[in-house]
Amino acid sequence: MPFITSSYLPFFSFVSLFAFLRLSTCAINPDKVSFDQNYYNTWGFYHFSSINNGTEVRLSIDEYSGSGFMSNHTYGSGFFRMRMKIPNKDSLGIITTFYLTSQQNNQPAGNHDELDFEFLGGHGMPYTLQTNVFSNDNGGREERVALWFDPTADFHTYKILWNQHQIVFYVDKIPIRVFKNNTGIGVNYPSQAMSVVGSLWSDTTWAAHGQQINWTQAPFVAYFQGFNINGCLKDIDSTSQCNSTHYRWNGPRYMGLDQTEIVTYEKVRRKYLTYSYCSDRGSLHPECPRRTLE
């Protein structure tokens with residue numbers, strides 16, 4: 001065995017520590033990570049509470065305020081997940097969200113990147129889940145799915161894959177939407193550093209179809225779990241590093257859906273998709289299939 005001088009010991013100690021931390025990170029139960037480790041409450045402080053030793057957050061909304069939170073860091077790629085249970089009352093006009101955005105607190109509205117899960121409250125089943133994609137613009141790429149389960153009865157997992165190849169929205173591991181990188185045909189693709197956000201807010205226009213919110217049902221309450229973040233820290237790494245295949249979500253496996261995912265994805269689209277922007281605004285978006293005149 002070769003002799004190791006003391007000058008090399010710090011190097012070996014660093015490597016051992018790095019390997020330990022890497023293994024420890026892989027072994028983390030995402031549902032046991034404390035909220036404070038990766039997030040902070042941004043608004044509606046009196047409508048926010050941390051419960052179950054910080055592994056669960058409760059947001060509430062009444063006619064005066066809702067609440068929200070944001071990640072401590074920004075990211076350039078990754079798998080982003082949240083377990084959520086949405087309000088279970090007559091919640092028309094109440095919106096529960098989990099999304100990524102490049103727009104920071106107090107930043108004026110304008111062109112930015114954003115990937116949205118938005119639960120549109122209603123009078124009961126089926127509940128509508130809306131997704132949207134902003135690509136250095138003001139969005140306008142809404143799609144809506146009528147969920148095949150009751151999202152108010154228990155926690156379900158909602159996940160966003162974002163890499164340089166595609167963006168995939170998952171519900172309980174089932175892909176419900178794919179947005180491919182089509183920069184080759186002139187489609188903008190999200191590339192700005194984004195924060196992870198959760199919120200509970202209200203709207204009486206597009207979300208409530210002009211109807212009034214039934215505030216006698218307040219407070220409306222949503223619950224969030226799963227505060228581990230598997231993403232490339234964009235405020236530390238460069239764009240090229242965040243596209244590196246050293247991150248598993250950038251590898252060949254996630255350049256597209258696998259065959260099992262394709263089958264479930266097509267089934268969801270056939271049975272549960274209730275609206276796509278391509279149906280009435282497709283001419284404005286090159287990524288939408290071209291319709292031929294009959």
**Student:** So, do Asn41 and Ser67 sit near enough that their side-chain heavy atoms are less than 4.5 Å apart?
**Tutor:**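 Side-chain contact under 4.5 Å: yes.
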**Student:** Check step by step if side-chain contact (heavy atoms from CB on, under 4.5 Å) holds for Leu92 and His123.
**Tutor:** CA-CA 6 Å; Leu92 185 70; His123 300 302; 3.9 Å; yes
**Student:** With respect to Phe134, which candidate in Met194, His112, Gln103 satisfies the side-chain contact (heavy atoms from CB on, under 4.5 Å) definition?
**Tutor:**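 Only one of Met194, His112, Gln103 forms a side-chain contact (heavy atoms from CB on, under 4.5 Å) with Phe134, namely His112.
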**Student:** Start with the C-alpha distance between Phe155 and Lys85, add both sets of side-chain angles, then the distance that settles side-chain contact (heavy atoms from CB on, under 4.5 Å), and finish with yes or no.
**Tutor:** CA-CA 5 Å; Phe155 285 92; Lys85 184 165 68 169; 4.1 Å; yes
**Student:** Taking atom CE of Met125 as the centre, does the number of heavy atoms from other residues, nucleotides or ligands within less than 6.0 Å exceed 12?
**Tutor:**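 Yes, CE of Met125 has more than 12 neighbouring heavy atoms, counting only those of other groups under 6.0 Å.
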**Student:** For Ser276, what residues pass the side chain to side chain contact (heavy atoms under 4.5 Å, CB included) criterion, not counting sequence neighbours?
**Tutor:**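 With sequence neighbours excluded, Ser276 shows a side chain to side chain contact (heavy atoms under 4.5 Å, CB included) to Glu143, Leu273, Cys278, given in chain and number order.
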**Student:** For Asp258, give me all partners under salt bridge (charged side-chain N to carboxylate O under 4.0 Å, His left out), at least two apart in sequence or on another chain.
**Tutor:**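 For Asp258 the salt bridge (charged side-chain N to carboxylate O under 4.0 Å, His left out) partners, ignoring immediate neighbours, are Arg253.
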**Student:** Between Asn132 (side chain) and Gly139 (backbone), is there a donor-acceptor pair under 3.5 Å?
**Tutor:**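 Answer holds: no.
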**Student:** So does Pro190 get a backbone contact from the side chain of Asn136, meaning a donor-acceptor N/O pair under 3.5 Å?
**Tutor:**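 The answer is no, because no donor-acceptor pair under 3.5 Å joins these two groups.
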**Student:** Side-chain heavy atoms under 4.5 Å apart, restricted to Ile/Leu/Val/Met/Phe/Trp/Tyr: what other residues fall into the cluster of Val263, or is it alone?
**Tutor:**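 Reading the cluster by chain and number, Val263 sits alone, since nothing else belongs.
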**Student:** Trp148 vs Tyr272 aromatic rings, parallel, tilted or perpendicular, using cut-offs 30° and 60°?
**Tutor:**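 Plane angle between 30° and 60°, so tilted.
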**Student:** Are the side chain of Asn228 and the backbone N or O of Val33 linked by a donor-acceptor pair below 3.5 Å?
**Tutor:**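 No; judged by distance alone, with no hydrogens or angles, the pair does not exist.
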**Student:** Counting N and O atoms only, with roles assigned by atom type, does the side chain of Gln217 sit under 3.5 Å from a partner on the main chain of Ser91, one being a donor and the other an acceptor?
**Tutor:**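 Absent.
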**Student:** Sequence neighbours left out, what passes salt bridge (charged side-chain N to carboxylate O under 4.0 Å, His left out) with Glu266? Give chain and number order.
**Tutor:**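 Glu266: no salt bridge (charged side-chain N to carboxylate O under 4.0 Å, His left out) contacts found.
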**Student:** Between Tyr254 and His165, is any pair of side-chain heavy atoms under 4.5 Å apart?
**Tutor:**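 SC-SC contact between Tyr254 and His165 ruled out.
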**Student:** Test Thr204 against Ile213 for side-chain contact (heavy atoms from CB on, under 4.5 Å), laying out the working first.
**Tutor:** CA-CA 7 Å; Thr204 56; Ile213 296 170; 3.8 Å; yes
**Student:** Evaluate Val178 against Ile167 for side-chain contact (heavy atoms from CB on, under 4.5 Å), listing each step before the verdict.
**Tutor:** CA-CA 6 Å; Val178 177; Ile167 294 159; over 6 Å; no
**Student:** Can you sort out the partners of Phe169 under ring pair (Phe, Tyr, Trp, His ring centres under 6.0 Å), two or more places apart, ordered by chain and number?
**Tutor:**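 Applying ring pair (Phe, Tyr, Trp, His ring centres under 6.0 Å) to Phe169 gives Phe117.
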**Student:** Could you tell me how the ring of Trp162 sits relative to the ring of Phe80: parallel (under 30°), tilted (30 to 60°) or perpendicular (over 60°)?
**Tutor:**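 It falls in the tilted class, 30° to 60°.
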**Student:** Strictly distance-based, threshold 3.5 Å: is any side-chain N or O of Ser77 a donor or acceptor partner for the main-chain N or O of Cys242?
**Tutor:**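 Judged by distance alone, yes, a pair lies under 3.5 Å.
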**Student:** Any side-chain heavy atom of Met84 within less than 4.5 Å of one from Phe119?
**Tutor:**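 In short, these two side chains touch, coming nearer than 4.5 Å.
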**Student:** Please write out which residues are connected to Trp206 in a hydrophobic cluster, directly or through intermediates, given that two of Ile, Leu, Val, Met, Phe, Trp, Tyr count as joined at side-chain heavy-atom separations below 4.5 angstrom.
**Tutor:**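 Result for Trp206 is Trp43, Ile95, Leu120, Trp201.
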**Student:** Partners of Tyr189 by ring pair (Phe, Tyr, Trp, His ring centres under 6.0 Å), sequence neighbours excluded?
**Tutor:**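 Partners of Tyr189 under the ring pair (Phe, Tyr, Trp, His ring centres under 6.0 Å) test: none.
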**Student:** Under the ring pair (Phe, Tyr, Trp, His ring centres under 6.0 Å) rule, collect the residues that match up with Phe179, sequence neighbours excluded.
**Tutor:**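 Expected list: none.
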**Student:** Show every salt bridge (charged side-chain N to carboxylate O under 4.0 Å, His left out) that has at least one partner inside residues 56-81, sequence neighbours left out.
**Tutor:**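 Pairs touching residues 56-81 that pass the test: Asp31-Arg81.
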**Student:** May I ask you to decide if Pro219's main-chain N or O and Lys89's side chain share a donor-acceptor pair within less than 3.5 Å?
**Tutor:**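 Between the backbone of Pro219 and the side chain of Lys89 there is a qualifying donor-acceptor contact (under 3.5 Å).
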**Student:** So if you build clusters from Ile, Leu, Val, Met, Phe, Trp, Tyr with side-chain heavy-atom gaps below 4.5 Å, do Tyr223 and Tyr39 land together?
**Tutor:**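 No, Tyr223 does not connect to Tyr39 through the hydrophobic network.
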**Student:** With a 4.5 Å limit on heavy-atom distance, are the side chains of Leu115 and Val133 in contact?
**Tutor:**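 Side chain of Leu115 against side chain of Val133, heavy atoms only: contact under 4.5 Å found.
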**Student:** Would you check if Leu233 and Tyr75 make a side-chain contact, meaning some heavy-atom pair closer than 4.5 Å?
**Tutor:**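 Yes - at least one pair of side-chain heavy atoms lies under 4.5 Å apart.
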**Student:** Quick check: are there more than 12 heavy atoms from other residues, nucleotides or ligands sitting under 6.0 Å from OH of Tyr64?
**Tutor:**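 Not more than 12 within 6.0 Å, no.
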**Student:** Short question: side chain of Thr274, backbone of Arg144 - any donor-acceptor pair under 3.5 Å?
**Tutor:**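 Yes.
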**Student:** Please enumerate all residues that pass salt bridge (charged side-chain N to carboxylate O under 4.0 Å, His left out) together with Glu287, with sequence neighbours excluded.
**Tutor:**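 Testing Glu287 for salt bridge (charged side-chain N to carboxylate O under 4.0 Å, His left out), a comparison that skips the adjacent residues, returns Arg141.
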**Student:** For the pair Asn181 (side chain) and Thr183 (backbone), establish whether a donor and an acceptor sit closer than 3.5 Å, ignoring hydrogens and angles.
**Tutor:**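 Side chain of Asn181 to backbone of Thr183, a donor-acceptor pair under 3.5 Å: yes, one is there.
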**Student:** Can you find a side-chain donor-acceptor pair between Ser34 and Asp36 that sits under 3.5 Å?
**Tutor:**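 On atom types as modelled, these side chains do not qualify, holding no pair under 3.5 Å.
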**Student:** Identify, with sequence neighbours excluded, every residue that meets salt bridge (charged side-chain N to carboxylate O under 4.0 Å, His left out) alongside Arg270.
**Tutor:**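 If we apply the salt bridge (charged side-chain N to carboxylate O under 4.0 Å, His left out) test to Arg270, skipping adjacent residues, there are no hits.
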**Student:** Test Phe69 against every option in Tyr40, Tyr99, Phe224, Phe48 by the ring pair (Phe, Tyr, Trp, His ring centres under 6.0 Å) rule and name the one that passes.
**Tutor:**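 Result: among Tyr40, Tyr99, Phe224, Phe48, Phe224 is the only option passing the ring pair (Phe, Tyr, Trp, His ring centres under 6.0 Å) with Phe69.
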**Student:** Using a cut-off of 6.0 Å, state whether more than 12 heavy atoms not belonging to Tyr46 lie near its atom OH.
**Tutor:**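 Check fails, neighbour count at 12 or below.
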**Student:** With a sphere of 6.0 Å drawn around NZ of Lys180, does it hold more than 12 non-hydrogen atoms of other residues, nucleotides or ligands?
**Tutor:**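 Yes, the 6.0 Å shell around NZ holds more than 12 heavy atoms from other groups.
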**Student:** Side chains of Asp203 and Thr205: any donor to acceptor distance under 3.5 Å?
**Tutor:**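 Thr205 vs Asp203: donor-acceptor pair found between side chains.
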**Student:** Using modelled atom types and a 3.5 Å cut-off, is there a donor and acceptor pairing between side-chain atoms of Ser102 and backbone atoms of Asp113?
**Tutor:**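 Yes, the answer is positive, given that a donor and an acceptor are paired below the 3.5 Å cut-off.
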**Student:** Compare all side-chain heavy atoms of Tyr158 with those of Arg83 and state whether any distance is below 4.5 angstrom.
**Tutor:**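 The answer is no, as the side chains (C-beta and beyond) never meet within the 4.5 Å cut-off.
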**Student:** Between Ser71 and Val196 (side chain of the first, backbone of the second, donor and acceptor by atom type, cut-off under 3.5 Å), is there such a pair?
**Tutor:**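 Present.
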**Student:** For Tyr275, give me all partners under ring pair (Phe, Tyr, Trp, His ring centres under 6.0 Å), at least two apart in sequence or on another chain.
**Tutor:**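 Scan of Tyr275 (ring pair (Phe, Tyr, Trp, His ring centres under 6.0 Å), adjacent residues dropped) gives none.
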